[in-house]
Asker: 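Here it is, the structure in full.
Labels below follow one simple rule: chain letters A, B, ... track the order of the sequence lines, proteins then strands, and each chain is numbered from 1. The structure displayed is predicted, hence computed values, not measured ones.
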Protein chains: 2
Amino acid sequence: MSEEQPDMPELKIESGSGTEARVEPLQLGKRLRQIRQNQNLTLEEASQKTGLARSTLSKIENEQISPTFTAVQKLAHGLDVDIPQLFAKPKSSMASGRRVLTRAGEGTAHPTSTYEHELLSTDLARKKMIPFKTRVRARDFEDFSDWVRHEGEEFLLVLEGEVALYTEFYEPIALLPGDSMYYDANMGHGLVSLSEEDALVLWVVAR
Amino acid sequence: MSEEQPDMPELKIESGSGTEARVEPLQLGKRLRQIRQNQNLTLEEASQKTGLARSTLSKIENEQISPTFTAVQKLAHGLDVDIPQLFAKPKSSMASGRRVLTRAGEGTAHPTSTYEHELLSTDLARKKMIPFKTRVRARDFEDFSDWVRHEGEEFLLVLEGEVALYTEFYEPIALLPGDSMYYDANMGHGLVSLSEEDALVLWVVAR
DNA sequence: CAACAAAATTTCCTATAGGAAATTTTTGTA
DNA sequence: TACAAAAATTTCCTATAGGAAATTTTGTTG
């Protein structure tokens with residue numbers, strides 16, 4: 001399996017200075033400043049977008065005041081971030097500043113009776129998405145004992161061949177290379193190849 | 001753009017009764033009252049748990065005042081709900097039991113100077129992943145004014161051509177069709193085509 | 001339907017958030 | 001360096017959130 005180690009740059013100065021108390025400081029100010037700066041906005045511009053005064057924004061960012069909820073709403077709306085996202089821990093589940101490579105064909109094989117999965121990016125734990133390429137051996141809906149069903153959402157892109165996606169509640173649908181689907185994975189689903197050959201698809205699951 | 005209508009399974013009763021006003025009312029007051037009552041707490045008890053005055057709680061629940069962020073923190077902590085959860089729409093992200101199709105080439109075009117994005121599954125709002133196919137026009141790292149950087153994680157699969165992925169902290173890496181990468185999108189990143197032709201890649205972003 | 005108790009709301013202050021304008025700091029350029 | 005322009009911060013008010021206590025509402029029992 002492939003992996004990489006950086007040649008060690010400073011990984012993260014991690015904004016905040018010193019020691020952060022354990023739970024829930026939730027540096028709203030720092031957070032907002034990051035968001036604003038990522039969008040390349042001055043306080044003045046942000047002020048116009050949000051309807052809050054420059055001074056107010058400054059004080060919020062410097063944690064001199066605790067914004068009211070209505071202020072937070074204006075902020076979120078004006079800067080186009082949704083509120084849960086605003087308060088979610090900034091860290092993504094995966095350690096910051098990492099990446100993994102999987103060369104073609106070098107994923108982790110995971111065969112079943114109907115599919116031949118090749119899991120990608122397996123070196124990375126706790127990631128939000130699970131990507132895998134799948135060779136579809138199933139030729140018939142009867143090949144399934146039952147629907148596949150699990151938490152989360154699923155994105156599907158056909159790479160080669162012709163397939164039919166069966167899902168609960170809907171008619172099966174034929175897909176050609178380049179076609180893609182996005183669906184709720186809680187809804188039963190299954191894939192079959194419509195041609196003589198096995199089909200090849202990319203799947204990405206978000207939990 | 002492609003879309004589908006099922007032959008009518010119960011699509012969504014859409015949880016909440018009554019009429020929900022369109023955007024962003026986010027009935028914080030109602031929400032809090034629900035939470036408190038679900039825990040069988042009187043205002044007095046909630047007051048003790050949160051450290052906020054009865055009267056304040058009452059006013060917040062009745063939307064007579066807009067709580068400060070510190071008040072919201074006390075509430076969340078005292079009633080043991082986390083803040084993102086507090087603000088998250090109660091219902092699951094995508095309406096249950098739905099799927100959307102995007103035929104090859106039928107995505108939503110979104111060109112920039114260096115890329116030609118084709119957004120997929122755009123008919124589906126509030127999904128966890130954002131998939132798009134991108135034609136990479138950039139030939140040179142200099143084509144970027146700066147790193148692209150945003151919340152979330154990113155999965156990349158090369159479909160055609162040869163590309164180099166530039167990321168902060170790491171050496172650029174050359175990728176061929178079938179190769180894939182998974183990385184933290186907070187880390188600056190950018191993609192260039194290494195061949196004469198534009199390259200084609202699939203990107204999936206999870207926020 | 002009184003009469004009471006428990007809970008919720010309102011009142012009436014004090015403390016603090018929000019806005020306009022003045023001041024200071026930063027940034028870029030000669 | 002020095003200076004000008006832009007950006008950020010601070011000051012100084014006004015508006016509004018937060019708390020203690022009074023008032024009203026709700027719900028229960030004889």
Asker: Where the side chain of B/S58 is concerned, which of C/dT9, C/dG19, D/dT9 is the nearest nucleotide?
Answerer: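 Of the candidates, C/dT9 comes closest.
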
Asker: Please classify the nucleic acid contact of A/Q64 as base, sugar-phosphate, or nothing, using heavy-atom distances under 4.0 Å.
Answerer: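 Sugar-phosphate, no base atom in range.
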
Asker: Within the structure shown, what part of the strands sits under 4.0 Å from A/E61 by heavy-atom distance: base, sugar-phosphate, or nothing?
Answerer: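 Result for A/E61 = nothing.
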
Asker: Roughly, in whole Å, what's the span from CG in B/L57 to P in D/dA20?
Answerer: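 Rounded to whole Å, this separation is 12 Å.
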
Asker: Aromatic rings B/Y182 and B/F155: how do their planes relate, parallel, tilted or perpendicular, breaks at 30° and 60°?
Answerer: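 The arrangement is tilted - the two ring planes meet at 30° to 60°.
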
Asker: So, does B/R36 get its side chain near the phosphate of C/dA7, meaning an N or O under 4.0 Å from OP1 or OP2?
Answerer: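 No.
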
Asker: Checking the side chain of B/T134 only, and the main-chain atoms of B/V136 only, is there a donor and an acceptor separated by less than 3.5 Å?
Answerer: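 Side chain of B/T134 to backbone of B/V136, a donor-acceptor pair under 3.5 Å: no, none is there.
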
Asker: Atom CG of A/L43 and atom C1' of C/dT26: how far apart are they, to the nearest Å?
Answerer: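 From A/L43 CG to C/dT26 C1': 13 Å.
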
Asker: Identify which nucleotide among C/dG18, C/dT9, D/dA8 has an atom closest to any side-chain atom of B/N62, counting heavy atoms from C-beta outward.
Answerer: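 So the side chain of B/N62 is nearest to C/dT9.
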
Asker: Measure from the side chain of A/T68, starting at C-beta and using heavy atoms only, and say which of C/dG19, D/dA17, C/dT11 lies closest.
Answerer: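 Of C/dG19, D/dA17, C/dT11, D/dA17 is nearest to the side chain of A/T68.
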
Asker: From CZ of A/F69 over to C1' of D/dT16, roughly how many Å is that when rounded to an integer?
Answerer: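 Answer to the nearest Å: 17 Å.
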
Asker: I need the CD-P distance between A/E63 and C/dG18, as an integer number of Å.
Answerer: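 Between P of C/dG18 and CD of A/E63: 14 Å.
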
Asker: In terms of ring plane angle, is the pair B/F132 and B/H117 parallel, tilted or perpendicular, where the classes change at 30° and 60°?
Answerer: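 The arrangement is perpendicular - the two ring planes meet at more than 60°.
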
Asker: Check every atom of C/dT9, D/dT10, D/dG19 against the side chain of A/K59 and return the nucleotide holding the closest atom.
Answerer: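 Of the candidates, D/dT10 comes closest.
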
Asker: Could you tell me whether A/R36 and A/E61 make a salt bridge, using a distance below 4.0 angstrom between a side-chain N and a carboxylate O?
Answerer: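 Yes, this pair counts.
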
Asker: Of B/T70 and B/R54, whose nearest nucleotide on DNA chain C comes first from the 5' end?
Answerer: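 In this pair, the answer is B/R54.
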
Asker: Roughly how many Å is it from CD in A/E44 to C1' in C/dT25, rounded to a whole number?
Answerer: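 Atom CD in A/E44 sits about 17 Å away from atom C1' in C/dT25.
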
Asker: Rounded to whole Å, please give me the gap between CD1 in B/I60 and P in C/dT9.
Answerer: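 After rounding, the gap between these two atoms is 12 Å.
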
Asker: Under a 4.0 Å N-O cut-off, is there an ion pair linking A/R103 with B/D179?
Answerer: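 Salt bridge flag = yes for B/D179 with A/R103.
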
Asker: Taking the side chain of B/S55 as its heavy atoms from C-beta onward, which of D/dA8, D/dT11, D/dA21 lies nearest to it?
Answerer: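 Nearest listed nucleotide: D/dA21.
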
Asker: Can you tell me how far CD of B/E45 sits from CG of B/L79, rounded to the nearest 0.5 angstrom?
Answerer: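 The distance works out to 11.0 Å.
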
Asker: Tell me the interatomic distance from A/L75, atom CG, to C/dG19, atom C1', rounded to whole angstroms.
Answerer: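 After rounding, the gap between these two atoms is 14 Å.
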
Asker: Quick one: which of C/dA17, D/dA17, D/dT10 gets closest to the side chain of A/S66?
Answerer: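 The listed nucleotide nearest to A/S66's side chain is C/dA17.
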
Asker: Using a 4.0 Å heavy-atom cut-off across all strands, classify B/L52 as base, sugar-phosphate, or nothing.
Answerer: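 Sugar-phosphate: the residue B/L52, judged by heavy atoms under 4.0 Å, touches backbone atoms but no base.
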
Asker: Which whole-number value in Å describes the distance from B/R33 CZ to C/dA8 C1'?
Answerer: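 So the two atoms are 8 Å apart, to the nearest Å.
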
Asker: Is A/I65 touching bases, backbone alone, or none of the nucleic acid, heavy atoms closer than 4.0 Å?
Answerer: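 Sugar-phosphate, no base atom in range.
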
Asker: Taking the minimum atom-to-atom distance to the side chain of B/T42, which one of D/dG18, C/dA20, C/dA7 wins?
Answerer: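 The answer is C/dA7, which lies nearest to the side chain.
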
